[in-house]
Structures are given as structure tokens and as C-alpha cells.
Trainee: 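One structure coming up, written as C-alpha cells, with questions to follow.
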Amino acid sequence: RKRAGLTPKPAIRAGITKRSITVFTAGGGTIFQVHKEANMDGSIITDDPSALVDDRIDQGVFRVDRSVYTDEDIFEQEVQNIFEKCWIFLCHESQVANHGDYFWTEIGRQPVFVHRQEDGSLKCFINACSHRAAILTPFRQGNAKTLTCRFHGWSYKCSGACIGIKNEEPDTDRSHFDLREIARLESYGGFIFGSLSADVPSLDDWLGEAKPWIDLMVAQSPDGLEVVPGSSTYAVDGNWKFQAENSVDGYHVSTVHRVFAHTIAMRESKGEYTGIKKTEAGRMAGGGPTGSYDLGNGHMAVWAQHTTPEVRPIWEAKERLEKELTPGQVEWILSKGRNLYIFPNVMLMDNPSTQIRVMKPHSANQVDISVYCIAPKGESDTARAGRLRKFEDFYLTAGMATSDDVAALEDTQEGSLATGARWNEFSRGIDSIINGPDAAATQLGFSPAACAENWDFEIHYHGFYRQWLKMLKGD
């Protein structure tokens, strides 16, 4: 049983983690850059973290100090001020569909579990026995209408009420030991989010302009979505922000995934794959219409036009979608491959297949990634088979794309130790920023903070790092 996220993991490769950044000046003195500097006695004082992000778009500059990817002190601030004070994606409602179904995950480092109640509602509790803190759920996902601690045998109802204490002493008030609920729990479109802090906006307000993108997935079936049984979790020796960046990075596709594109082309040239068995890979070559969006609150998204939308599993629902949805929604669902990043820990992707990708950072240099195939309820067996094969091709580490992403991100992590070259640049497309919606956004009906009509551009990262910095500072 894997207990991801309970404690920080050490670096797997020597030299990855650095607690300070030093630069030798021409005069031979040592200074501590960016967020740290030396007192006269050599001790370190914390500087303004605003210096980590050089945000001067009016001068054509947006760049980020590389220490944000390698420094463990910064990571500790991220855990405290972002992951444990923010809305965090927990699971999908289909994963806790029935009374007693539970799903164990983490918010920051704190273990929690979502539990379906007898009346159909949901609750989320800290996953620790009130007695001596043992984890209560025996598996990551399962069903238990009563949870019994394996350490000393204390037991709890779905509601969190303590109902059993082994060798109970007289006059014990069991209610004193009821499980502790997290501060906030809400769901949008079947996607469940929680927060340890009560001081967060409503989930509707937090998701903001990302909601129409979620709606595009939910609308694909009148019965909603379901997570297909099974998942894959893998570790990346890299910072979680690299994973966030990469999920909406159109610029890398034609380089990193060229082997995938060539393999698909060769496989399909033999005529063995036809119809829905074929994979939509036209976006790999580039040249088609694309777009990128800063959706506010750190959320980001990109899209690329499909060249063969008829091979996608959702194509079989074309006639029904045209009757039920607006022409803009139908166009976006059928013809645009989409990647949505919801700050700070989840990506929803609808390209060759559909997936939920969840991040669980352990340290500045390691993050676990869990991927789940999510699909429209009621789709045909043919569509479901096609969806799963495409999911395996691209989104699993045993496939032909994710392993290339991992290699690129781990190389980037190691390169980030090159503090002699301090900055990562996010200036591509800075002269092409559109403040507000472009034509494609207007067609769907959402209003981004900013966008660019090219997914090669990097303007959507500006909103991500502004939100990151705001929360890091505790603003």
C-alpha cells in the first residue's frame, strides 16, 4: 500500500536539492541570490520572494528564477501557503459513487479521504485515527460503511462519528473522538475539490473561466462522466511546476513527441489501423490553428485543431451533440484537442483520449503523477476500446509519449541547478498578447485574463506565476 505524500521524499539523484544559491563575483566575494542573502555573520536572511519573478511585460520581459524549482525552503512555503491553503482536486464523484465508497488522497502532506454518506452526500475527513493517528482506510479506494483502525481497533461510521473504543473506560465521551472534517468540500461537474482552509472563495469563483472547459467534458454524455477502473502512478525527479508548465506547453510537442508522431504514421500506413483505431496526431506536426489562455487564478489552457476528428471516440455522438449543445460547444468538443490545468494540482485533457492527471509533490525535486482515464457514460464498446488504446499509447509511461516528457522534465530539473545562468524565460509571444478573449474564446463564451492565438507562445504562464507568487507570499 503506497502512502504517497505523508512525508517528503529525499532526492533520488545526488546534487538535485540545494538550500542556497551562491555566485562568485569578480571580486571573489560570495553572495546569495534572489530570496536569500548573507548577514555579516554569515547567517541567511529571507529576502522578498517577489524577486523570484521578473515581471516586466511592458518591457518585453517575463522570467522566473531557477531556484523556484530547486530550493527546499521555497518548496516548504509552497506546501504551507499553496497546497494546504487552496482548493485541491481530490477525486471524481464516480470514484465514490455508492454509500460507503471512499477515496484516500492528500492535501499537501495531510492524508484525507472522501467518503460517500448514507444520504448520498459527501464528506472528507483527515485520514488519521483520533487515538494514535493510524491511517484508517485500508486501501487507496474501496468501500467501508464502518472504518476500524488496524492499530487499536477504534471504529468510526461513515459520518465520522466514533462508535467503538476497544476496552472502553467508563463515562467515555466518544463524540470527543469523532473524525475531523476538512474545512471546505465542494464539487463541480462531478470533480470534487477540498480545502484545509475555510478562508477560500467558493469553488465556482475559484474555477472561474476554467468552468466552460470542464463543461466541454461533462457535456459529452447526458449521464455524465466516469473514471474507468485502474490508474497509473509514476514518480518524476523534477519540480511540480515543471509538470504544470508542460501540461499546457504546445511548444514542446513537435520536438519531444516526434517519435510518437512518426510511429503512429508508420503504424497506420500499413493499413492495420482504420476508423476509430487510428490516432489523431495532426497537432504533432504543427501548422494548424492553436491557442493558449491565462484563465485567472493560476489556471491555464491550450488547444489545437484536430485534422482527423472523425477518429476520436466522441465522434459517434456528433448528431446528439449537435441537437443538445451550441454550435460553438460542438466545434470545441469535436474539433479541438484541449489541455486544461487547474491550479495547483490537476490537469484535465481531451486529446487522443481523455484523462485526469493529478500531481502530488514530495519535495522540490520530486513529484508523483497519477493518471486516470475518464470517459462519457454510455459510450459504445467500440468507442470505449478506442479510448483506452489511445490512452495507453500516449498517457501511460509504457506508451510512446509520457516517457519522453518525463525524460525532458528530469533533464530540465538538473539543468536548473545551473545558477550561473539565473533565469527561465517566458517571453515568447509577449508582443502578441490579447487581453481578454480571442475569437475562439468568444465562440465558446469564456473571458480569459489574456490569451495568444498560438500555443507555442508562453503568455499563459504569466498568470500562473503571478498566482503562485501571490500565494507564496500569503497575500
Side-chain angles (χ1 to χ4, degrees), residues 1-10 76 79-80 83-187 192-200 227 229-231 233 345 358 360-363 368 370:
R1 181 179 66 177
K2 186 172 185 180
R3 297 191 174 184
L6 297 183
T7 56
K9 293 185 179 180
E76 290 303 317
V79 172
Q80 295 172 27
F83 285 90
E84 295 187 356
K85 289 187 179 177
C86 189
W87 282 110
I88 298 294
F89 174 75
L90 302 178
C91 62
H92 188 263
E93 288 194 14
S94 64
Q95 294 174 295
V96 284
N98 303 308
H99 175 212
D101 285 354
Y102 64 80
F103 191 94
W104 163 22
T105 185
E106 288 79 32
I107 299 180
R109 289 202 181 95
Q110 301 203 36
V112 300
F113 68 98
V114 178
H115 213 168
R116 180 71 70 173
Q117 302 297 296
E118 188 174 1
D119 64 2
S121 64
L122 292 167
K123 290 188 176 184
C124 184
F125 302 99
I126 299 296
N127 196 355
C129 180
S130 300
H131 178 223
R132 298 263 289 278
I135 290 291
L136 290 171
T137 55
F139 305 104
R140 279 284 170 183
Q141 184 177 358
N143 182 281
K145 297 177 179 63
T146 299
L147 287 168
T148 301
C149 176
R150 69 183 62 198
F151 193 11
H152 295 106
W154 289 33
S155 56
Y156 304 86
K157 292 178 65 175
C158 271
S159 64
C162 179
I163 58 172
I165 296 176
K166 188 177 71 173
N167 301 333
E168 184 176 335
E169 296 178 288
D171 301 321
T172 298
D173 180 4
R174 293 178 185 170
S175 66
H176 179 72
F177 301 105
D178 291 349
L179 297 180
R180 179 168 296 181
E181 289 188 62
I182 65 170
R184 298 285 295 274
L185 184 71
E186 294 183 28
S187 177
I192 302 169
F193 294 78
S195 175
L196 298 177
S197 171
D199 188 22
V200 290
V227 173
S231 65
T233 297
N345 77 317
V358 184
K360 296 179 183 177
H362 296 291
S363 65
D368 277 358
S370 296

Trainee: Got a second to check how far Asn127's CG is from Tyr102's OH, nearest 0.5 Å?
Mentor: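 If I round to the nearest 0.5 Å, the distance is 9.0 Å.
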Trainee: So, Glu186 side chain and Arg184 main chain: donor-acceptor pair closer than 3.5 Å or not?
Mentor: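 The answer is no, because no donor-acceptor pair under 3.5 Å joins these two groups.
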Trainee: Do the two ring centres, one from Phe139 and one from Trp104, sit under 6.0 Å apart?
Mentor: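 Not under 6.0 Å, so no.
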Trainee: Do the side chain of His92 and the main chain of Ser94 share a donor and acceptor less than 3.5 angstrom apart?
Mentor: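 Yes, because the side chain of His92 sits within donor-acceptor range (under 3.5 Å) of the backbone of Ser94.
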Trainee: In Å, rounded to the nearest 0.5 Å, how long is the span from SG of Cys91 to CG of Leu122?
Mentor: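 That separation rounds to 7.5 Å.
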Trainee: Can you name the closest pair of heavy atoms from Thr148 and Ser155 and give their distance?
Mentor: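 So the two residues come closest at OG1-CB, 3.6 Å.
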Trainee: Between Phe89 and Val358, is any pair of side-chain heavy atoms under 4.5 Å apart?
Mentor: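 Yes, at least one pair of side-chain atoms sits under 4.5 Å.
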Trainee: Going through the checks in order, is the side-chain contact (heavy atoms from CB on, under 4.5 Å) test met by Lys85 and Gln80?
Mentor: CA-CA 7 Å; Lys85 289 187 179 177; Gln80 295 172 27; 5.8 Å; no
Trainee: Yes or no on side-chain contact (heavy atoms from CB on, under 4.5 Å) for Cys124 and Glu181, after CA distance, side-chain angles and deciding distance?
Mentor: CA-CA 6 Å; Cys124 184; Glu181 289 188 62; over 6 Å; no
Trainee: After noting the C-alpha distance and the side-chain angles of Thr233 and Ser370, does the key distance pass the side chain to side chain donor-acceptor pair (under 3.5 Å) rule?
Mentor: CA-CA 4 Å; Thr233 297; Ser370 296; 2.7 Å; yes
Trainee: Is there side-chain contact between Phe83 and Pro361, with at least one heavy-atom pair below 4.5 Å?
Mentor: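 Phe83 reaches Pro361 side chain to side chain.
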Trainee: Do side-chain atoms of Glu106 reach the backbone of Lys360 as a donor and acceptor pair under 3.5 angstrom?
Mentor: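 Looks like no, no N/O pair under 3.5 Å.
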Trainee: Look up atom CH2 in Trp154 and atom SG in Cys149, then write down how far apart they are to the nearest 0.5 Å.
Mentor: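 It comes to 9.0 Å.
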Trainee: Quick one: does any side-chain atom of Arg116 pair with a main-chain N or O of Asp101 as donor and acceptor, under 3.5 Å?
Mentor: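 Judged by distance alone, no pair lies under 3.5 Å.
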Trainee: In the structure I gave you, are the side-chain heavy atoms of Ile182 and Ser195 within less than 4.5 Å of one another anywhere?
Mentor: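 No; the side chains remain at least 4.5 Å from each other.
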Trainee: Should Lys123 and Val114 be marked as a side-chain contact (heavy atoms from CB on, under 4.5 Å) after you check the CA-CA gap, both sets of side-chain angles, and the distance that decides it?
Mentor: CA-CA 6 Å; Lys123 290 188 176 184; Val114 178; over 6 Å; no
Trainee: Are side-chain heavy atoms of Lys145 and Asn143 found at a separation under 4.5 Å?
Mentor: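 Sidechains of Asn143 and Lys145: in contact.
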Trainee: Are side-chain heavy atoms of Gln117 and Ser159 found at a separation under 4.5 Å?
Mentor: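 A side-chain contact under 4.5 Å exists here.
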Trainee: Is a donor on one side and an acceptor on the other found under 3.5 Å between the side chain of Gln95 and the backbone of Gln141?
Mentor: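 No, the answer is negative, given that no donor and acceptor are paired below the 3.5 Å cut-off.
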Trainee: Any non-hydrogen side-chain atom of Glu84 less than 4.5 Å from a side-chain atom of Gln110?
Mentor: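 Counting from C-beta outward, Glu84 and Gln110 do come under 4.5 Å.
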Trainee: In Å, rounded to the nearest 0.5 Å, how long is the span from CD1 of Ile107 to CH2 of Trp87?
Mentor: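 Going from the CD1 atom of Ile107 to the CH2 atom of Trp87 covers 9.5 Å.
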Trainee: Within the 4.5 Å heavy-atom criterion, are His362 and Asp368 side-chain neighbours or not?
Mentor: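 The answer is yes, as the side chains (C-beta and beyond) meet within the 4.5 Å cut-off.
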Trainee: Give a yes or no answer on whether the side chain of Arg174 reaches the backbone of Ile163 with a donor-acceptor pair at less than 3.5 Å.
Mentor: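 Confirmed, Arg174 side chain pairs with Ile163 backbone.
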Trainee: Are Phe113 and Phe103 an aromatic pair by the rule of ring centers under 6.0 Å?
Mentor: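 Judged by ring-centre distance (under 6.0 Å), Phe113 and Phe103 do not meet the cut-off.
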Trainee: Look only at the side chain of Ser130 and the backbone of Phe177, and say whether a donor-acceptor pair between them is shorter than 3.5 Å.
Mentor: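 Yes.
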Trainee: So how far is it from His152 NE2 to Cys129 SG, rounded to the nearest 0.5 Å?
Mentor: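 With rounding to 0.5 Å, NE2 (His152) is 9.0 Å from SG (Cys129).
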Trainee: Taking the side chain from His115 and the backbone from Ala144, do they hold a donor-acceptor pair closer than 3.5 Å?
Mentor: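 The answer is yes, because a donor-acceptor pair under 3.5 Å joins these two groups.
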Trainee: Measure from the side-chain N and O atoms of Asp178 to the backbone N and O of Cys162, and report whether any donor-acceptor pair falls under 3.5 Å.
Mentor: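 Answer holds: yes.
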Trainee: So do Thr105 and Ile88 actually touch side chain to side chain, heavy atoms under 4.5 Å?
Mentor: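 Contact flag for Ile88/Thr105 side chains = no.
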Trainee: Are Asp199 and Ser197 close enough that a side-chain donor and a side-chain acceptor fall under 3.5 Å?
Mentor: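 Ser197 and Asp199 do not have a side-chain donor-acceptor pair below 3.5 Å.
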